[in-house]
Amino acid sequence: MKRGEFWIAYILLLVAQLLLSNYFHVTPYIFLTLLPVMVLSIPIRVGTVGAMLIAAITGLTIDFLSEGVLGLNALALIPVAFARNSIIGLVLGRELFARREDFSVERCGFGKVATALFLSLLLFLVIYIWADGAGTRPLWFNGLRLAASLGASFAVSLLTLGVLAPDPRK
């Protein structure tokens with residue numbers, strides 16, 4: 001995918017996340033998010049500091065335009081950007097960094113990409129739910145919210161992964 005195409009898709013998914021955050025609150029147990037898959041899909045050539053800056057801007061944009069608690073998404077998204085290279089290297093392999101290639105489901109395999117996506121979503125949601133609850137909600141509620149949000153966000157993120165990490169051979 002060309003640089004311009006990726007960033008256009010990124011901005012469109014940012015708008016989609018704004019719509020999800022503003023209009024799709026089905027239940028207090030489910031928090032739908034596309035943010036970890038967006039950060040995970042940032043091109044490899046963007047370093048960790050650049051990814052963290054992009055994550056901070058993305059998180060603050062979502063916080064400012066939708067959720068009301070300024071800094072909550074940014075707080076949870078910056079560690080995902082920090083751990084992005086480690087997750088990709090651990091699950092998808094270091095050869096992506098050596099060849100300076102972006103990952104795709106076709107190149108790396110569905111299982112590996114799904115595992116990387118699951119880990120980034122888990123990291124994001126653990127921090128987000130912990131900070132959102134701030135000691136005011138019981139552990140069972142937070143655990144149930146984590147499980148429901150992880151399942152729902154994982155399914156939605158798998159659908160959007162094809163937009164941000166398409167097959168490079170096409």
Side-chain angles (χ1 to χ4, degrees), residues 9-42 46 48 51-93 103-105 108-165:
Y10 190 90
I11 290 170
L12 289 174
L13 285 174
L14 183 66
V15 171
Q17 179 62 50
L18 284 169
L19 292 173
L20 282 174
S21 297
N22 283 324
Y23 300 112
F24 292 100
H25 286 286
V26 180
T27 175
Y29 294 107
I30 296 177
F31 171 67
L32 287 174
T33 184
L34 301 172
L35 298 175
V37 72
M38 292 168 59
V39 169
L40 188 67
S41 298
I42 292 174
V46 176
T48 301
M52 290 173 68
L53 183 62
I54 292 167
I57 292 168
T58 302
L60 287 173
T61 301
I62 296 296
D63 291 334
F64 185 73
L65 295 176
S66 68
E67 306 220 348
V69 180
L70 196 60
L72 188 58
N73 280 301
L75 173 74
L77 199 57
I78 291 172
V80 173
F82 180 73
R84 178 180 69 104
N85 286 347
S86 298
I87 291 171
I88 291 172
L90 178 71
V91 177
L92 303 176
F103 69 89
S104 70
V105 176
C108 298
F110 178 77
K112 288 182 177 182
V113 173
T115 302
L117 176 61
F118 181 83
L119 291 173
S120 64
L121 269 168
L122 183 64
L123 176 62
F124 176 83
L125 286 171
V126 163
I127 295 169
Y128 183 92
I129 291 170
W130 171 76
D132 189 37
T136 60
R137 294 191 176 134
L139 182 62
W140 69 266
F141 178 86
N142 287 338
L144 189 58
R145 185 176 183 199
L146 176 66
S149 297
L150 188 60
S153 294
F154 184 71
V156 172
S157 294
L158 281 176
L159 296 174
T160 60
L161 190 60
V163 173
L164 289 172

Derivation and outcome, side chain to side chain contact (heavy atoms under 4.5 Å, CB included), residues Thr33 and Leu20 | CA-CA 8 Å; Thr33 184; Leu20 282 174; over 6 Å; no
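- With values rounded to the nearest 0.5 angstrom, Ile54 atom CD1 is found 4.5 Å from Ile42 atom CD1.
- For the pair Leu117/Phe154, a side-chain contact is recorded, criterion being any heavy-atom separation below 4.5 Å from C-beta on.
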Exercise answer: donor-acceptor pairs, residues 70-77 side-chain atoms, under 3.5 Å, sequence neighbours excluded:
{"from": "Asn73", "atom 1": "ND2", "to": "Asp63", "atom 2": "OD1", "distance (Å)": "2.8"}

Check the pair Thr58 / Tyr10 against side-chain hydrogen bond (donor to acceptor under 3.5 Å, both in side chains), numbers first and verdict last.
CA-CA 10 Å; Thr58 302; Tyr10 190 90; 2.8 Å; yes
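- Ring-plane geometry between Phe31 and Phe124 is classed as parallel, the angle between the planes falling under 30 degrees on a 0 to 90 degree scale with a further cut at 60.
- In terms of heavy-atom proximity, Leu32 sits nearest to Ala152 at CD2-CB, 3.5 Å.
- To the nearest 0.5 Å, atom OH of residue Tyr128 and atom CG of residue Leu146 are 13.0 Å apart.
- Listed here is the closest heavy atom pair of Ala81 and Ala51: CB-O, 3.5 Å.
- Rounding to the nearest 0.5 Å places CZ of Phe110 at 9.0 Å from OG1 of Thr115.
- Ser149 places a side-chain N or O within donor-acceptor distance of the main-chain N or O of Tyr29, the cut-off being under 3.5 Å.
- Here the CG atom belonging to Leu121 is positioned 9.0 Å from the CG atom belonging to Leu40, to the nearest 0.5 angstrom.
- Interatomic distance, Leu12 CG to Met38 CE, rounded to the nearest 0.5 Å: 9.5 Å.
- Side-chain contact check for Leu119 versus Leu123: every heavy-atom pair is 4.5 Å or farther apart.
- Using a distance-only test at 3.5 Å, with no hydrogens or angles considered, no donor-acceptor pair links the side chain of Ser66 to the main chain of Leu18.
- Looking at every heavy atom in both residues, Ile78 comes nearest to Ala56 through CD1-CB, 3.8 Å.
- For Leu139, the CG atom counts as loosely surrounded, since its 6.0 Å shell holds 12 or fewer non-hydrogen atoms of other residues, nucleotides or ligands.
- The shortest non-hydrogen separation linking Gln17 to Leu34 is OE1-N, 2.6 Å.
- Taking CG of Leu90 as the start and NZ of Lys112 as the end, the distance is 10.5 Å to the nearest 0.5 Å.
- Using a 4.5 Å cut-off on side-chain heavy atoms (C-beta onward), Asp132 and Arg137 make contact.
- The heavy-atom pair separating Leu65 from Asn22 by the smallest distance is O-ND2, 3.5 Å.
- Using a 4.5 Å heavy-atom threshold, the side chains of Ser41 and Leu161 count as touching.
- Between Val39 and Ser120 the shortest side-chain heavy-atom distance does not fall below 4.5 Å.
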